[in-house]
Amino acid sequence: MADLRDFGLKPQDPPEGDDDDRDDDPEPRWPECDDCGYVGREVTGRLNQSVPLCTACFVEREGLL
């Protein structure tokens, strides 16, 4: 790995009060599919469905296969 000084950049001190431990940052919470229990960003309330579903369960419920 090249040293940044090779490119004319100088090392900088981190800003004061900025900790690398970011325990206060919450992890993203994705919804859970009501059918299969999958948790992910593609789980949403789909058209004509009152419950959050993943893409696969939505396709199955709607008979789109």
Student: Rounded at 0.5 Å granularity, tell me how far SG in Cys54 sits from CD in Glu60.
Tutor: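 Reported value, rounded in 0.5 Å steps: 9.0 Å.
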Student: Atom CZ of Phe58 and atom CG of Asp35: how far apart are they, to the nearest 0.5 Å?
Tutor: 12.0 Å
Student: Does Val51 share a hydrophobic cluster with Leu47, counting links as ILVMFWY side-chain heavy atoms below 4.5 Å and allowing steps through other members?
Tutor: no
Student: For the hydrophobic clusters of this structure (ILVMFWY residues joined by side-chain heavy atoms under 4.5 Å, transitively), does one cluster hold both Trp30 and Tyr38?
Tutor: no
Student: Show, in sequence, the C-alpha distance, side-chain angles and deciding distance for Arg61 and Leu53, and conclude whether the side-chain contact (heavy atoms from CB on, under 4.5 Å) test is met.
Tutor: CA-CA 9 Å; Arg61 276 195 184 199; Leu53 296 171; 3.7 Å; yes
Student: Does the side chain of Asp34 come within less than 4.5 Å of Pro52's, by heavy atoms?
Tutor: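 Pro52 vs Asp34: side chains touch.
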Student: Should Thr55 and Arg46 count as side-chain neighbours, where that means a heavy-atom distance under 4.5 Å?
Tutor: yes
